[in-house]
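For reference, the structure is listed below as structure tokens.
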Amino acid sequence: MLLLAAAVFIGSQQCRPCHATVFDAYAETAMAQSSGRVEAIPPASFSAAGHRYQIANKKLIFPGGEATIDYFIGSNAAGRSYLREYEGYLFELPVTWYAQKQAWDASPGYEDHKEVHLTRAVEASCLQCHASRVRPVLGTQNRFGDPPFHENGVACERCHGPGSAHAHAPAKGNIVNPARLAPDRRDAVCSQCHLTGEARIERPGRKFAEFRAGDRLSDFATYFVSKLGRKDLKVTSHVEKLAASACKTGAGDALWCGTCHDPHTNADKSQPACQGCHQTAHRQQERCVTCHMPRSKAVDANHGVMTDHSIPKKPSRESQPRLESLTPFLGPADDRAFGLAYAELGDPRAAAYLSRAVPQDWPVQLRLAVLEPDPNRAAQLYESVLRANPYDPAALVNLGTHRIRQGRTLEAGSLWDRALLANPAIEEAVLNLTQIRPAKESIALLQKYLAINPVSRKALSRLAELRKAE
Ligand code: HEC
Ligand code: HEC
Ligand code: HEC
Ligand code: HEC
Ligand code: HEC
Ligand code: HEC
Ligand code: HEC
């Protein structure tokens with residue numbers, strides 16, 4: 001165990017000389033190919049969410065501007081989304097390729113945008129599931145190193161833990177084999193990416209990004225699912241669905257993801273698995289999952305089709321309204337976790353939990369500040385958030401607004417400047433700054449922002465105003 005603790009990540013390429021068969025098979029899977037730099041992209045012309053787009057020379061072109069297409073997310077099993085880089089900051093592009101439809105369309109969540117939406121920040125958590133050895137720049141919301149991640153897709157060490165000690169002195173026992181772990185640690189290997197529930201709240205002082213294969217998920221985060229369960233399917237709901245199945249309830253720890261999936265080849269082992277446990281069941285000659293694990297649309301993946309992991313007796317197609325109340329998953333939850341989870345979902349039940357939360361650390365203070373009706377008390381909470389987390393964008397923007405009301409213009413300006421270091425596409429900070437800075441400086445600020453978001457109506461009209469006044 002000491003050796004493991006000291007081990008560092010060395011990259012999948014280092015495993016290849018000794019594990020060539022596994023390496024080559026795994027390279028063909030969707031997980032291995034889940035992200036990377038865009039090398040080339042076929043030209044296209046289409047419209048999505050009411051906007052005309054063209055793709056040419058690795059650029060997305062639209063009326064009023066264009067954006068580079070730099071990284072992809074998604075192997076194309078269901079689809080592929082794209083990221084654009086601006087001075088090291090990553091933004092998700094508004095269009096996605098849908099493999100089943102063989103067509104471009106709006107990215108999930110972008111269906112209703114009136115303007116072409118170019119400023120959605122790609123946070124490290126997105127890349128943590130789709131890429132490996134991700135390199136976020138501290139103190140920013142969406143800036144990354146160059147390259148932003150050292151390995152494309154899900155690398156060997158995401159499921160096997162850091163491999164330096166093992167590669168140095170190869171043996172069983174100095175590298176994680178998920179199949180040999182205690183069930184909760186074994187399941188965590190897959191759940192680190194295949195489980196989000198309704199909310200996933202980091203424990204105080206823990207960083208989810210530091211999770212390693214072999215750890216227990218509940219030491220890093222508290223998970224919540226909807227009390228009544230989801231009837232619909234979500235991209236990351238396989239774990240909770242399986243947990244709710246009669247098979248899992250009945251078979252317990254004997255059943256896990258690895259029972260039906262071979263992670264290195266993605267071979268489907270489900271037929272022998274079903275028959276292994278249900279030797280006397282009907283229809284032994286037929287494919288059980290056709291009826292018992294039907295495929296239907298995922299609610300959050302736009303056109304994606306998913307397999308129902310609740311293994312129902314009778315398949316149902318109707319989807320249900322959201323969220324009754326939250327119930328903890330993978331272990332108990334305290335007031336802090338409940339409060340943060342309800343707050344994340346915009347549910348009014350947050351307030352009471354948050355007021356009782358222990359510790360009242362910065363994530364709690366940030367949520368309380370938003371709920372706080374007294375502006376002076378809200379400002380104190382924001383100050384406190386910024387002492388612990390000096391680049392929190394929401395705290396910077398909101399405290400800046402408060403400083404203006406107090407007549408403390410200089411301080412407001414420096415808070416908004418700082419917000420733009422965390423993420424240069426925070427429109428509110430840019431627009432606010434143009435109200436307090438000299439015209440020339442304001443014009444430069446707007447031009448810089450328009451380089452990221454050339455179709456912003458507010459920025460364009462503010463620029464026109466300032467130019468007219470000049
Ligand atoms: C220098 C050769 C070498 C390198 C490099 C190497 N391995 Fe191994 N690996 C071995 C040998 C030898 C075994 C033991 C096989 C046995 O005893 O059956 C092994 C066993 C394993 C096992 C099974 C452990 C168990 O307890 O069942 C895993 C998992 C594994 N390696 C993963 C990796 C990964 C991931 C990498 C890259 C980070 C890697 N190996 C790099 C040689 C190597
Ligand atoms: C580091 C994150 C991560 C881990 C760990 C992980 N997965 Fe995945 N998995 C993904 C992502 C991301 C995809 C979607 C890949 C794509 O199509 O782009 C995926 C896709 C899959 C698929 C669908 C494959 C296909 O061909 O469409 C299966 C099955 C799967 N994972 C099983 C597992 C199992 C079993 C484990 C644990 C042994 C596991 N995953 C661990 C992130 C992860
Ligand atoms: C908690 C982990 C997690 C996070 C965070 C996450 N994803 Fe995924 N994503 C997955 C898994 C797991 C799948 C595969 C689901 C499946 O195959 O059913 C997936 C599937 C996809 C797919 C379809 C891939 C394919 O080829 O079929 C795209 C595109 C995608 N995600 C984009 C994104 C983007 C963009 C972000 C961030 C803005 C993101 N995801 C954040 C886990 C995650
Ligand atoms: C998505 C998770 C995942 C990824 C990624 C992954 N493995 Fe594995 N690996 C497993 C699991 C689970 C087992 C245990 C399989 C079993 O015994 O049921 C395993 C077992 C092994 C073993 C020992 C037994 C065997 O099947 O040979 C070796 C060696 C190994 N993996 C090497 C690698 C290498 C090398 C890579 C990268 C090319 C890799 N693995 C990527 C999940 C993963
Ligand atoms: C590790 C053992 C195991 C595996 C693998 C397994 N099951 Fe089960 N399954 C059970 C147990 C235990 C029960 C609950 C007792 C019972 O009904 O036999 C159950 C229950 C069921 C039920 C009844 C569901 C209900 O709502 O009452 C169905 C249907 C079912 N399984 C189908 C399948 C299919 C199809 C597969 C393969 C995709 C499968 N099972 C794989 C152990 C397993
Ligand atoms: C009882 C068997 C069984 C178990 C256990 C199981 N799966 Fe699956 N899974 C399937 C089948 C069958 C499919 C559909 C495969 C196909 O059509 O190629 C599937 C498909 C998937 C997909 C692809 C997207 C989709 O929904 O079709 C992902 C991702 C996935 N499983 C993840 C997991 C994870 C994570 C676990 C563990 C929590 C798990 N599975 C446990 C049988 C199982
Ligand atoms: C053509 C569709 C279909 C296929 C294929 C199928 N089943 Fe079923 N199965 C059903 C339906 C429908 C029910 C519910 C029947 C009922 O309630 O009378 C059911 C019920 C079950 C039950 C619960 C029985 C009980 O008394 O509660 C199990 C276990 C089961 N199936 C296992 C399997 C296994 C294992 C396979 C593959 C070897 C399989 N089924 C193939 C449609 C199918």
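Whatever order the structure lists them in is the order used to number ligands and atoms, beginning at 1.
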Side chains of residues 56-68: which donor-acceptor pairs under 3.5 Å do they make with residues two or more places apart or in other chains?
residue : atom : partner : partner atom : Å
Lys58   : NZ   : Val38   : O            : 3.1
Thr68   : OG1  : Asp70   : OD2          : 2.8

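- Residue-ligand proximity: Ser270 is placed with a non-hydrogen atom under 4.0 Å from ligand 6.
- Judged as a ring pair (Phe, Tyr, Trp, His ring centres under 6.0 Å), not a single pair has a partner in residues 9-33 (not counting sequence neighbours).
- A centroid separation of 6.0 Å or more is found between the aromatic rings of Phe72 and Tyr82.
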With the criterion set at N/O pairs under 3.5 Å, what does the list of contacts between the protein and ligand 4 look like, atom names and distances included?
residue  : atom   : partner : partner atom : Å
ligand 4 : 7 (N)  : His160  : NE2          : 2.8
ligand 4 : 7 (N)  : His264  : NE2          : 2.8
ligand 4 : 9 (N)  : His160  : NE2          : 2.8
ligand 4 : 9 (N)  : His264  : NE2          : 2.9
ligand 4 : 31 (N) : His160  : NE2          : 2.8
ligand 4 : 31 (N) : His264  : NE2          : 3.0
ligand 4 : 40 (N) : His160  : NE2          : 2.8
ligand 4 : 40 (N) : His264  : NE2          : 2.9

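- Sorted by first and then second residue, the ring pair (Phe, Tyr, Trp, His ring centres under 6.0 Å) pairs with a member in residues 167-192 form an empty list; sequence neighbours excluded.
- Residues Asp219 and Arg216 are paired through a salt bridge, judged by an N-O separation under 4.0 Å between the basic side chain and the carboxylate.
- Of the polar atoms of His292, at least one N or O is found under 3.5 Å from an N or O of ligand 7, judged by distance alone.
- Note on ligand 7: Gln285 sits outside its first shell, no heavy atom being nearer than 4.0 Å.
- Only side-chain heavy atoms of Ala281 come within less than 4.0 Å of ligand 7; its backbone N, CA, C and O stay farther off.
- Here His282 reaches atom 8 (Fe) of ligand 7: one of its N/O/S atoms is less than 2.8 Å from the metal.
- Close approach to His278 involves these atoms of ligand 7, each under 4.0 Å from a residue heavy atom: 29 (C), 35 (C).
- Using a cut-off of 4.0 Å between Lys/Arg side-chain N and Asp/Glu carboxylate O, Arg349 and Asp347 are scored as salt-bridged.
- Checked for salt-bridge contact, Arg135 and Asp146 miss the test: no charged N lies under 4.0 Å from a carboxylate O.
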